[in-house]
Amino acid sequence: MARRSPEPLLWLLFSAGGMAAALLVPVLLFLFGIAFPLGWLSAPDHTHLLSVLRHPATKVILFGLCLLCLFHWAHRFRYTLYDGLRLKNLSLVISLFCYGGAVAGSVAAGVVLFRI
Amino acid sequence: MSRTPASRRPGPAGGSGPTPYRKPVPIFWWLRRRAYLVFVLRELSGVFIAWFVVFLLLMAGAIAEGSDAYEQFRDWSGQWSVVLLNVIALLFVLLHTLTWFGLAPRAMAVRLRGRRVRPGPIVATHYLLWALLTAAVAWLILKG
Amino acid sequence: MPASHDVVVIGGGGAGLRAAIAIAETDPRLNVAIISKVYPMRSHTVSAEGGAAAVAGADDSLDEHTYDTVSGGDWLCDQDAVEAFVQEAPRELLRLEHWGCPWSRQADGRIAVRAFGGMKKMRTWFAADKTGFHLLHTLFQTALSYRDIVRYDEWFVSTLLVDDGKVRGVVAIELASGRVETITANAVVMSTGGCGRVYPFTTNASIKTGDGMALAYRAGAPLKDMEFVQYHPTGLPFTGILITEAARAEGGRLLNKDGYRYLQDYDLGKPEPVPVARSMELGPRDRLSQAFVHELDKGRTTPTPHGPVVHLDLRHLGAELIDSKLPFVRELCLKYQNLDPVTELIPVRPVVHYMMGGIHTDIHGATGLDGLYAAGEVACVSINGANRLGSNSLPELLVFGARAGRAAAEYAAATAGTGPGAAVVAQARDEQRRLERLVAHHAEGRERIADIRTAMQDTMESGAGIYRDRESLAKAAETLLHLRERYGRAAVGDHSRTFNTDLIALLELGCMLDVSTSIVHSALSRGESRGAHQRTDFPARDDERYLAHSLIHHEPDGTGRVEYLPVTITRWAPGERVYGRQ
Amino acid sequence: MPENDRITLRVARYRPEQEMEPTWQSYEVPLRKEWTVLDGLNHVKDHLDGTLSYRWSCRMGICGSCGMTVNGEPQLTCSAFLTDFAPGPVRVEPLANFPVVRDLVVEIDDFMNKLTEVKPWIIRAEDKPLDEGEFPQTPEEMDAYKQYSMCINCMLCYAACPVYALDPDFVGPAAIALAQRYNLDSRDEGSADRRDVLSSAAGVWACTLVGECTTACPKGVDPAGAIQRYKLTAATRSLKDLLWPWGQR
């Protein structure tokens, strides 16, 4: 029986994104978003960061993180609009916006990261 | 066995009773219970995770462009409004992390030597992994 | 145009569901309906805890199960029925296993069994201590797979339609809408369970109001052995919630106020550290409940605001065993008694639990009325005699539910095509009018339903309790007559058609008054002591005169006419009931 | 506690023949330490107002009849003690998310239909003859589904579930948990038969894991966990199908 519902795969992406975000986002956001700007820790210099970013493993990992996080956002945001604002009747528009956004964001992430 | 179930109200001439009352659901139904509010906040954490991606890409782009662009990025990210946004984002992301780890044993039925692993150790493993990864990332960034 | 089915099953508990499935399997062309005043999964079978007996081990035999049952029933059981029962019980329990019942297992995956009161061998299958719950849900969920079983959920049957000595259907009220409908059938299976609620202190759910017994009785089917009312020795004070016999089978001990295992004083054996079959705490329920009364008379019980109690001690069993074998006992004690049986004693007292008596049926579930079958607690086959052994009732409702279902199916198939006659239509119309007049009439009433009910319950406890005599019973009979008069003036304040539980309470009370009257008259008539029927004015068993079933027939004036039917003896001549000694 | 202590029950009344929407009615009942909210309602029914309608039966938390909303929370009234709500008043309403038939009685036909849809019975390609005895099932195998078999169909989980409130098509916590109860039973071979309903849009994928069903469950069934586990199973399966479309099933 070949029923092709996208839900299982979307859910897998959402779950993987949730796990990746839970594990990696807090430390990155804390360092770059708060600790360095406020001077709690001295920010690393440009050369160091550039060398880290140029490492292929970093690129792949960051790209994966961005992609999964975006699909995680897309899935949750879609259901938040469905349930939290009771907009389920707009489900097609909402799905296009959310998952389309995630795809577009992932492409952008790829362009930024792999051009370094 | 290929039985299919029946689900009909039996009896002749169908229901003749008065219509039951259906309580309408208010739009902001999630303000009425603490648990529902926490749920909606948890779901909103997704927005801040998306914001983090944007922030990360802006930074990566700046680093790639050169040290001047990176300095500009640092000035921008040091503005109080951006820091405040990131503080709020971090709080939401932490809410996400805590709830995510808390719910992890629900989906996983891990078996070790035939016995189902209790939720406690599964949650603990997640926290351990989180600590290790956080330390590794911090080391990688700060060692320079 | 009334609704019509080949077979109508009244009651959606264990016996009714088993019967309905048996009918569907016997003849798939038959149109079966279950009419139940509650959703089937709410039925009282759900509350059964300890287990279901059926010979399983190589060390056990059908004869031993028969002997335990017959001696447990003080030789009032029909032995042909018991033999059929013990023979079919294992297959029925196995069938339930195939349907998904989560029977507790041994480490190697085979079915586990436990000891039980009055049973010489370990033969009680169990699903922790929620056996009835799992059995009922397994049956209900399996019944859902039969698309042809129609359900009338939350319909209350108010009368049986009888034409020329044959049952032809029912009149029933749909609770949700209040509409009254005629539902005709070629055969009716009665499986509405017991009537514990005629007593004030009972393990029974609120729905156990003897409706089926009363409906059959009024329609002309005699009730059998109604004087035999089982008191379970271990109910929680105040609520009457059952603490399963399995607690004693796993090693629980009964202690009086001095911490003494008092059962040793009542010819039930000597106290041993581990449970011994057919001894002490594993004696039969009638003897244990009677022992409590003697302890009370000797001043060796503990008074509480909710009556005198003795204590059940599980402390030595430890938390691990209690959590694996008796989790529900712990849950109930924690919730309703605010104590933990792992570290504290459980206060218990005897509590009305089960009716050995019921609608008289033969071994196939056929009653005194053509086309009417009965199974489960509502029926009296009789395999329980004067005292039912714990864990025999669940296999009974399966074995005889299936038997009644098959017999009803055959009867319905054989009589197919004979539609209801004019007399049935007229009766149905009369019943509809009666119900309408009833609401109008009782709208004027001044007597509270609850007051009459409480008075009836107190009358039954004081007049027809564990010990009774001519005087107490005669007084109870008189009070019941008076209560019937008051019933005529009962008030129904609710005039709504939608879910009118006030009207249902009135109809249930009417049923309970008929059933309690039948109990008292049957008890008055039996001048001996046997099993659960203990007459202080006739303290001995009298096989000369009373090795017989009482059959009570309904009289128009509300009393009953009692006859006797000899007990069927096959291989086990009446003897002494021996517990705790060789 | 003095014998003459009393507590007020604020009870939602709905008499469809008389009123368009529910109203409140207050009753004062004795406050006794053994009394549950159900005992309070029974006191009202027996002594104060016979017209109050509600369901109850076993009064020991196993039949699942007496679920209501007590002070905003879905609960079995036979297991909710009045003293826990002292000094009161105690608000008693019908279970949320179901149509109210009358007073505290709700219509549960929707659940009964959904329960049937998920096929909560043993499905096998071939029935095993009774003569071959039982299906052996080790305690570990039983442990895989036992928790989900404890559902008493009391509907508290549906009353707690906002997804069901917003989308009545949602198959819902108890029905999915019971489907999983059979899916995970070593005797069952019917998971493919249940897949269509469970993995439909109204099946597990509608659940956003609010988790309130599990909080509300009086029997520790954890329907939220059942749903999550089914999502994982279904997703893993889809991934396999995608990666090895030529693989068997």
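As a basis for the values below, the full set of heavy atoms in this structure was taken, side chains included, without hydrogen atoms, waters or symmetry mates. Note on naming: letters A, B, ... go to the chains in the order of the sequence lines (proteins, then strands), and numbering restarts at 1 for each one. Just so it is clear, the model here is predicted, and its values are computed rather than measured.
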Between [options], which shows the greatest number of heavy-atom pairs under 4.5 Å with chain B?
options                     : answer
A/Ile34, A/Leu113, A/Thr80  : A/Ile34
A/Gly17, A/Gly39, A/Pro37   : A/Pro37
A/Leu28, A/Leu24, A/Leu41   : A/Leu28
A/Gly33, A/Gly105, A/Ala109 : A/Gly33

Review point. If you measure from CZ on B/Phe48 to CG on B/Leu91, what distance do you get to the nearest 0.5 Å?
Key: 9.5 Å

Given heavy-atom pairs under 4.5 angstrom as the criterion, report whether the side chain, backbone, both or neither of [X] touches chain B.
X       : value
A/Leu50 : both
A/Leu31 : side chain
A/Phe32 : both

Review point. Is there a ring-ring contact (aromatic ring centres under 6.0 Å, His included) between B/Trp76 and B/Phe73 once you walk through the steps?
Key: CA-CA 5 Å; B/Trp76 172 77; B/Phe73 172 83; 5.7 Å; yes

Report which part of [X] has an atom under 4.5 Å of a heavy atom belonging to chain A: side chain, backbone, both, or neither.
X       : result
B/Val82 : neither
B/Thr99 : neither
B/Leu57 : both
B/Val83 : both

Highest number of heavy-atom pairs under 4.5 Å with chain A: which of [options]?
options                              : value
B/Phe28, B/Tyr70, B/Trp100           : B/Trp100
B/Trp30, B/Phe52, B/Phe55, B/Phe101  : B/Phe52
B/Gly78, B/Gly66, B/Ala136, B/Ala62  : B/Gly66
B/Val40, B/Leu129, B/Leu132, B/Leu94 : B/Leu129
B/Leu44, B/Ile49, B/Leu56            : B/Ile49

Practice item. Decide whether B/Trp29 and A/Asp83 meet the rule of one side-chain donor and one side-chain acceptor closer than 3.5 Å. Key: no

Check your understanding: Strictly by modelled atom types, are B/Arg74 and A/His46 linked by a side-chain donor-acceptor pair under 3.5 Å?
Key -> no

**Study point:** Ring center gap for A/Trp73 and A/Phe71 short of 6.0 angstrom
**Key:** no

**Study point:** B/Arg33 to B/Tyr36 six-membered ring, cation-pi geometry met (6.0 Å, 45°)
**Key:** yes

**Study point:** Atom NZ of B/Lys23: over 12 foreign heavy atoms under 6.0 Å
**Key:** no

Check your understanding: Which atom pair, heavy atoms only, marks the closest approach of A/Arg78 to A/Leu10?
Key -> NH1-CD1, 4.2 Å

Review point. Where is the tightest heavy-atom contact between A/Phe114 and A/Lys59, given as atom of each residue plus distance?
Key: CE2-CB, 3.8 Å

Check your understanding: Side chains of A/Cys69 and A/Val25: closer than 4.5 Å at any heavy-atom pair?
Key -> yes

